[in-house]
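Below: the structure, in structure tokens.
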Amino acid sequence: MHLLLVDGSTYIFRAYHALPPLTRKSDGLPVGCVSGFCNMLFKLTEDLKGEDEPTHMAVIFDHSAKSFRNELYGEYKAHRPPAPEDLAPQFPLTRDATRAFSIPPIELEGWEADDIIATYACAARRAGGKVTIVSSDKDLMQLIEPDGSIRMLDTIPRPGQPPLRWIGPEEVFAKFGVTPDKVIEVQALCGDSVDNVPGVPGIGVKTAAELINTYGDLETLLSRAEEIKQPARRQKLIDNADLARISKQLVTLSQDVPLPLELDALARQPIDPGTLIPFLKAMEFTTITKRLAALLDADPDAWEADPALAAKPVSAVGFDNAARAEARAARHAADGKADAPAVLHAHRTHEAIRAIPFDLDAYTTITDPETLAAWIAGARQQGHVAIDTETTGLDNQAADLVGISLALAPGQAAYIPLGHVSGEGDIFGGGHAEGQMEMKDAIALLAPLLADPSILKIFHNFKYDHGVLCRFGLPVEGFDDTILLSYALDGPQFNTMAELARHWLGHEGIPIKDLLGSGKSQKTFAQVPIPDAARYGAEDADITLRLWHILKARLVPENATAVYETLERKLAPVLARMEARGISVDRQILARLSGDFAQRAAAFEAEAHELAGEKFNLGSPKQLGDILFGKLGLPGGTRTKSGQWATGAGVLEDLAARENVPLAKVIVDWRGLTKLKGTYTDALPGYINPRTGRVHTTYSQHSVLTGRLSSNDPNLQNIPIRTEDGRKIRTAFVAAPGNELVSADYSQIELRILAHIADIQALKDAFEEGLDIHAMTASEMFKVPIEGMPSEIRRRAKAINFGIIYGISAFGLANQLGIPRGEAGDYIKTYFERFPGIRDYMEEMRRRVKSEGFVTTLFGRKILFPNANSKNPAERAFVERASINAPIQGTAADLIRRAMIRMEPGLKAAKIEADMLLQVHDELIFEIPEGTADKAIPVITDIMQTAAEPAIRFSIPIQVDAHAATNWDEAH
DNA sequence: GCAAGGACGTA
DNA sequence: GTACGTCCTTGCA
């Protein structure tokens, strides 16, 4: 038996570094290393013919970075840089290549390739066989046997040397100065800087060999160290005895690896053209394919490229087919099955990134301009860098900048402390902490990098960081955002960096709570000690960079590029500017309203206590329920999920009307007033930013399933309008002096989109003619003329129209209209008969969500429903309704996003001065100079009305209504 | 001090 | 019947 063991890592790194980068033509998958690997493997089998021809063969790979040596010594291989990003995805392909040559690839979790090689080599020798190890790794030299039963072969080409160089005891002696069996003793002393094996400081190979040749082995040497004449050398050995012992353990190869394949299983197999050629074709290695086919005497055209690995042509198919192809790709990605090559690439990128361990102690703290300049140069050379800011708060319009982190590669990250304070940070805030860079120096160095659009800056939640950075003179051009990538791909299911890190990296980041504490004693980030801050901050940048690699690779195979690039990435800076502008709110108006509401609420409260015959907390639904349905014994009480009495507005209004309970009405009125007071008139003034004097909401671009925005702190998307008291709050939202507000809203946008998507001719005609759409619906359904229609009839039709948009059910409609279930069911039936397209649309969405797990908007946004096939019937019904609503709500959301993206350049081109301040789903609020409304409104409405074009040509008119006034109530 | 539930403001 | 965010009470730690 002659066993040939190929050290796969040597081959891979040689192929990678010696060859120019090569990518597969059809899809850009990096394959240069695979190509070199194939060539070397083939050349090896050609070179070893005749007496050196092996009977058994395997290629051994390193599985991952971790082995028992990391347990032994934490620093082992700690300084290894992570694999380059275009190399990592090729690792799995080299295994495929090995298999294609009918050679078993072997790797084992927790073991280095060298250990596996040692175990196989010794097993083969024990069985009386001969072993050749193909490698140039000196760590394997300890295995060489003087009898020639185990030899090494270095095939790496070196100038002026023969192509094949056998390594036996002589060559080992030339390198280590000892026989192979003493190599580990020498390595224990001299260590290895590449693998970070410490050895004894100050002792090199020469000295080590001399010592070992004198004393025989490490233990003998250490026990007789006192005898050494040179005082420095003697002391070093005594001081570092333990380090030497650990080093010996680190360099000693294990022979106890549980071998995945028996020796017999490594017996050589003839190369099978039916396996090899499909692989080579899939890689698109035309030259190698031809050459090997000729050598194997096979016809290369007899086989197709392996479909599991091959690039798949992008088909120019219609919307439906494209959607199905997407679904397939997404499913394959989820299954881990390789289908499209880009899916494969994404999958492998994920695996490779995930395999790189985190080392929080390896991060750098940058405190001087030279170091920062070096990192910036690194970013420029690479073309991308992940950036994260640390600040004193969650409101980017108020928070101060504390530090900035950078990450250039997985594991390679740094933190720049800028605004930390010293001491315990008492009420006086403490002083500026030691060991930080001057803020102005850091800004001067960073500004050109951030402003350079040719260098990609990668953020997690760009909008936040950008808001802070801008205020410190660091505007950003050219960015990616991992939260937006995630949102474009997976919707809002992973909302935070922690969730993304957990899911994609299997990594638990440092919880911010660990640094800041919580509750009353919570610190700000400025008070966090710099070393802790550096670990946390640099880790965030590191995580961001890793997530970017993984998520960005998924964009193409999962067809999310257009949504990410055109809807998400372009919108973020627009929203950032809207947030920075804020809106002016009149404190006095709110204060007056608060007083008024408080007085009237107090009167209601007293009346309620009177009517109930006792004092109770009107704000407690629990207490109220007990009084209404317990003490007063009123009939018709229903219970909530948790068994409490339900006391919602519907229940109370019913009670007031049917049972004539004045208490119920009083509670409704009291709740209305306290809601307005608590949520709006009392709370809003607290949001006025002292620096700007305005209220700055924060929009979330990545929280809503359908693609809408949400607004928080404060939520300016639910400012009251429906009641008279509520509307008064809107009068407090005012234009700055000398300005006006313009409110422009899409009219009936969701019904119009429904008419278009479901292709309802009657609805489309009505919109075309500008009819009252609810009256038209009523007249169609109930056969009543529009002229003189009773308002109740129109109200019912309106409820049905909204019901349709919401994924109607008889139960829900009955609830809404206060009619029996059967009657509501009849309405729906009638509606479907009058507008048959609706039923088809609803059926189609139900079918799609069940088979694909998602539905799409007209602009290609995927809306995922992971539990579409839930075992729970209620949940399934819910998904059905949501999947009917989602394309409608989502298309409207995409439409206004497009309008917002085009608004600023559109206004500028028309030379209109108007600042977009707020978005409320189908409405945009602008601030314009007084008296310019006549010019501004036509431009604004035009941009909104044509926002779908040219992507979509709606078959209904899109109508926008706009008004100007000095406050929001009157402008609406 | 925190999470859950109920209620209610918007499109 | 869809999609959100916030306030308040309650119950548990």
Side-chain angles (χ1 to χ4, degrees), chain A residues 491-492 513 517-522 616-625 639-652 667-668 670-684 687 697-700 703-723 725-727 729-730 745-751 754 799-817 821 824 827-828 842 845 863 874 877-890 892-893 896 918-923 972:
Chain A
K513 257 193 184 170
S518 70
K520 237 172 37 185
S521 57
Q522 198 172 40
F616 70 103
N617 187 343
L618 305 220
S620 164
K622 188 169 178 284
Q623 293 178 30
L624 176 64
R639 296 191 181 262
T640 65
K641 274 193 289 253
S642 63
Q644 264 192 53
W645 291 112
T647 66
V651 174
L652 296 182
I667 297 289
V668 170
W670 178 88
R671 279 188 185 163
L673 286 170
T674 51
K675 174 79 175 178
L676 295 179
K677 182 173 183 291
T679 309
Y680 304 103
T681 57
D682 285 353
L684 278 172
Y687 285 101
T697 185
T698 302
Y699 288 103
S700 175
S703 296
V704 182
L705 191 65
T706 55
R708 277 188 175 181
L709 302 177
S710 72
S711 157
N712 59 70
D713 300 306
N715 182 352
L716 295 186
Q717 290 182 321
N718 71 345
I719 301 302
I721 189 166
R722 289 173 190 177
T723 64
D725 281 326
R727 288 178 78 105
I729 292 165
R730 291 205 167 203
D745 68 297
Y746 285 104
S747 159
Q748 307 277 22
I749 188 62
E750 294 192 352
L751 268 182
L754 171 68
I800 296 169
N801 277 335
F802 277 100
I804 295 294
I805 290 170
Y806 297 155
I808 201 157
S809 75
F811 180 85
L813 184 63
N815 241 1
Q816 174 72 24
L817 287 174
R821 277 260 284 283
Y827 283 180
I828 294 169
M842 292 171 74
M845 293 308 117
I863 297 153
F878 179 79
V879 167
E880 286 184 12
R881 290 194 300 271
S883 70
I884 289 163
N885 172 258
I888 303 169
Q889 187 182 117
I896 196 165
L918 302 178
Q919 188 250 43
V920 192
H921 309 309
D922 63 358
E923 174 188 12
H972 187 79

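By convention in this document, chain letters (A, B, ...) are assigned in the order of the sequence lines, proteins followed by strands, and residues within each chain are numbered from 1.
Contact annotation for A/I805: no contact, since no heavy-atom pair falls under 4.0 Å across all strands. Within the nucleic acid shown, A/T647 comes within 4.0 Å of sugar-phosphate atoms alone, with no base atom in reach, counting heavy atoms only. Within the 4.0 angstrom heavy-atom criterion, only backbone atoms of the sugar-phosphate kind lie near A/R881; the bases stay farther away. Residue-level contact check: A/A799 touches the bases, meaning some heavy atom is under 4.0 Å from a base atom. In this structure, A/I884 reaches neither bases nor backbone, as no heavy-atom distance under 4.0 Å exists between it and the strands shown. Counting non-hydrogen atoms under 4.0 angstrom, A/I719 reaches the backbone sugars and phosphates but no base. Across all strands shown, A/D713 has heavy atoms under 4.0 Å from sugar-phosphate atoms exclusively, and none from any base. Among the atoms of the strands shown, none is found under 4.0 Å from any heavy atom of A/A893. Residue A/A886 is classed as having no contact, given no heavy-atom separation below 4.0 Å to the nucleic acid. Within 4.0 Å (heavy atoms only), A/T674 reaches no atom of the nucleic acid at all. Backbone-only contact: A/A649 has heavy atoms under 4.0 Å from sugar-phosphate atoms and none from a base. Heavy atoms of A/G803 sit under 4.0 angstrom from at least one base atom. Residue A/E923 is classed as having no contact, given no heavy-atom separation below 4.0 Å to the nucleic acid. Heavy atoms of A/S809 sit under 4.0 angstrom from at least one base atom.
Note that CD of A/Q644 is 7.5 Å distant from OG of A/S620, once rounded to the nearest 0.5 Å. Once rounded to the nearest 0.5 Å, the distance linking CG of A/L709 with NE2 of A/H921 reads 8.0 Å. Rounded to the nearest 0.5 angstrom, A/L754 CG and A/I805 CD1 are separated by 6.0 Å. Note that the CD1 atom of A/I808 and the CG atom of A/N885 stand 12.5 Å from one another [nearest 0.5 Å]. To the nearest 0.5 angstrom, A/Q717 atom CD is 8.0 Å from A/R708 atom CZ. For the atom pair CE of A/M845 and CD1 of A/I888, the computed distance is 8.5 Å after rounding to the nearest 0.5 Å.
You'll find the side chain of A/I828 stays beyond 4.5 Å of the side chain of A/I800, heavy atoms only. Two residues are said to be in side-chain contact when any heavy atoms from C-beta on lie closer than 4.5 Å; A/P492 and A/L705 meet this criterion.
When distances run from any side-chain atom of A/R671 to the nucleotides B/dC8, B/dA11, B/dG9, the shortest one goes to B/dC8. Distance from the side chain of A/R730 is smallest for B/dT10 among the nucleotides B/dG6, B/dT10, B/dC8. Taking every side-chain heavy atom of A/V920 into account, B/dA11 is the closest of B/dA11, B/dG1, B/dG6.
Per the geometry, CD belonging to A/Q889 stands 17 Å off P belonging to B/dT10, to the nearest Å. Between the OH atom of A/Y746 and the P atom of B/dT10 there is a distance of 22 Å, given to the nearest Å. For the pair A/K677 NZ and B/dC8 C1', the interatomic distance rounds to 17 Å; values are reported in whole Å. Put simply, NZ on A/K641 is 8 Å from P on B/dG5, counting in whole angstrom units. A straight line from CG of A/L673 to C1' of B/dG9 spans 14 Å, rounded to a whole angstrom. A/Q919 has its CD atom 12 Å from the C1' atom of B/dT10, to the nearest Å. Computed from coordinates, the A/E750 CD to B/dT10 P distance equals 16 Å when rounded to whole Å. Rounded to whole angstrom, the span from the CG atom of A/L618 across to the P atom of B/dC8 amounts to 13 Å.
Across every non-hydrogen atom of A/E750 and A/A892, the tightest pair is CG-CB, 4.2 Å.
For DNA chain C, the span of nucleotides reached by chain A at under 4.0 Å from its heavy atoms goes, 5' to 3', from C/dG1 to C/dG11.
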- According to the Watson-Crick and G-U wobble definition with distances under 3.5 Å, which dot-bracket string, read 5' to 3', encodes DNA chain B, using [ ] for crossing pairs and | for pairs with another strand? |||||||||||
- Message: Is there a side-chain contact (heavy atoms from CB on, under 4.5 Å) between A/N715 and A/Y680? Walk through the geometry before answering.
- Response: CA-CA 10 Å; A/N715 182 352; A/Y680 304 103; over 6 Å; no
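A 6.0 Å sphere centred on CZ of A/R639 holds more than 12 heavy atoms belonging to other residues, nucleotides or ligands.
A close approach under 4.0 Å does not occur between any side-chain nitrogen or oxygen of A/R722 and OP1 or OP2 of B/dG9.
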